[in-house]
Amino acid sequence: MKDILLIGQTLRFTADPFTVPLEDAAKTSARGAVLVRDGKIAQTGEAADLQRENPLAEVIDNGDHVITAGFVDAHMHFPQTAMIASWGLRLIDWLNTYTFPEEMRFADPTYCDKIADRSLDLALSHGTTTLTSFCTIHPASVDAFFSAAAKRNMAVVAGKTCMDRNAPDGLQDTALTAYDDSKALLNKWHGKGRATYAITPRFSPTSTPDQLDALGALWGEFPDAMMQTHLSEQLDEIEWVRGLFPDAKDYLDTYETFGLLGERGLYGHAIHLEGREIDRLAEMNAAVVHCPTSNTFIGSGLFDMAGLKSRGIRTGLATDTGGGSSFSMLRTMAAAYEIAQLRGTALHPAQLMWLASEGSASALHMSGEIGSLNVGAVADIVVLDLSSTPAIAQRTAEAETFWEALFPTIMMGDDRAIAQVYLAGKPV
Ligand code: GUN
Ligand code: ZN
């Protein structure tokens with residue numbers, strides 16, 4: 001395969017801009033270049049230098065567009081694609097009224113395939129190159145998602161959602177079938193191509209202690225698998241958990257007791273945490289995932305980005321489709337900005353872009369492999385048009401710095417801002 005030289009404005013990170021000064025953490029160039037060789041980033045630098053050094057490479061000049069790492073969505077529910085933006089309810093009623101009936105439709109493998117294709121295509125059209133997804137209790141939904149991702153050569157993380165109580169008949173497994181099905185799917189998909197398996201108890205209210213125990217044992221057998229679940233999203237959910245697990249110290253303890261707290265654990269939402277929970281997440285080097293459009297849409301609360309980052313807790317960013325109200329990681333960054341503002345912190349555009357790429361990749365233990373424009377990373381790339389609508393263009397035209405030019409696209413952009421997407425160096 002011929003080398004490709006992408007030229008444009010470039011943005012890459014060499015460190016976390018939450019902990020390292022911006023000038024050291026983010027590298028931008030007004031006329032930069034990225035050399036793609038065999039599906040990976042082979043070189044980065046100034047366009048003039050890379051052109052001189054690689055005279056045989058095919059040059060793709062993107063003008064003023066921004067070339068950066070494809071977005072990494074660290075928590076979503078592909079089966080909720082067709083019910084996004086369902087009106088009027090908070091978490092528990094929203095699950096019972098909209099979510100569970102929609103997830104029942106995945107008993108039909110044809111529907112699984114249709115929605116898996118749809119969700120991955122929507123993600124790509126929004127510049128997202130990696131999805132981390134809950135599937136449904138049906139193994140066919142997991143096969144559909146991983147197969148659809150393999151067809152597109154997308155790196156994805158996913159697993160069978162396990163529930164053995166507080167869900168409708170037809171949407172429940174058991175402790176034993178959850179263990180057996182998850183194990184079979186893990187053996188089938190984990191590490192195959194770009195697939196990573198995540199053991200997936202939906203959340204404590206829909207798993208009995210027996211099921212949590214079985215899934216904790218499975219994770220013990222496969223410690224390099226991920227584990228994903230939900231944590232402390234809404235106050236009445238937390239009350240419910242307290243009633244269901246009267247002996248637990250807190251919500252996080254309902255996972256830790258059963259071997260479901262670890263450094264490959266992804267804890268979605270993590271809004272209303274107690275001090276002990278934050279301490280344990282930090283001590284265990286577990287990752288939390290911020291889902292800002294979901295947190296405002298379902299009315300969950302204001303995630304404490306500054307507080308959790310200051311504790312060194314690895315943090316990813318996610319759409320949480322369809323509790324989240326957008327497929328766009330640009331819109332998701334905008335919502336993260338707004339939530340942080342409501343908590344008194346203005347996140348810098350570099351921090352937002354880092355969360356949507358490197359931050360999520362770090363949560364997934366895929367740093368250096370995805371979400372990065374550094375040498376050696378897989379060339380999953382997004383090219384952003386900073387003038388994608390008249391409203392954005394007139395603001396960008398006034399900008400004096402790279403960040404001032406990028407921020408309107410973060411705040412106001414959508415799929416129209418996605419000029420091109422590459423998966424492992426191939427245009428989508
Ligand atoms: N908690 C348990 N299941 C879900 C879900 O599907 N979406 C959200 N936002 N929270 C959950
Ligand atoms: Zn979720």
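In each ligand, atom 1 is the first atom listed, and ligand 1 is the first ligand listed.
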Heavy-atom side-chain contact between Q9 and L386 under 4.5 Å: yes
Should the ring pair F106 and F78 be called parallel, tilted or perpendicular, given that the plane angle runs from 0 to 90° and is split at 30 and 60? perpendicular
For F407 and Y337, run ring-ring contact (aromatic ring centres under 6.0 Å, His included): C-alpha distance rounded to whole Å, both residues' side-chain angles, the deciding distance at 0.1 Å, then the answer. CA-CA 11 Å; F407 193 52; Y337 179 82; 5.0 Å; yes
Describe, in one word, how the ring planes of F134 and H77 are oriented to each other, choosing from parallel (under 30°), tilted (30 to 60°) and perpendicular (over 60°). parallel
Identified side chain to side chain contact (heavy atoms under 4.5 Å, CB included) partner of D16 from the options T14, T19, V20: T19
Side chains of T396 and M412: does their closest heavy-atom pair fall under 4.5 Å? no
Side chain to side chain, T128 and T319, heavy atoms closer than 4.5 Å: no
Which of parallel (below 30°), tilted (30 to 60°) and perpendicular (above 60°) describes F303 and H290? parallel
Min side-chain heavy-atom separation W240-Q234 under 4.5 Å: no
Output for ligand 1, non-hydrogen cut-off under 4.0 Å, lists H77, Q80, L91, W94, L95, R202, F203, H230, E233, H269, S294, I298, D320
What protein N/O/S atoms are found closer than 2.8 Å to the Zn ion (ligand 2)? H75 NE2, H77 NE2, H230 NE2, D320 OD1
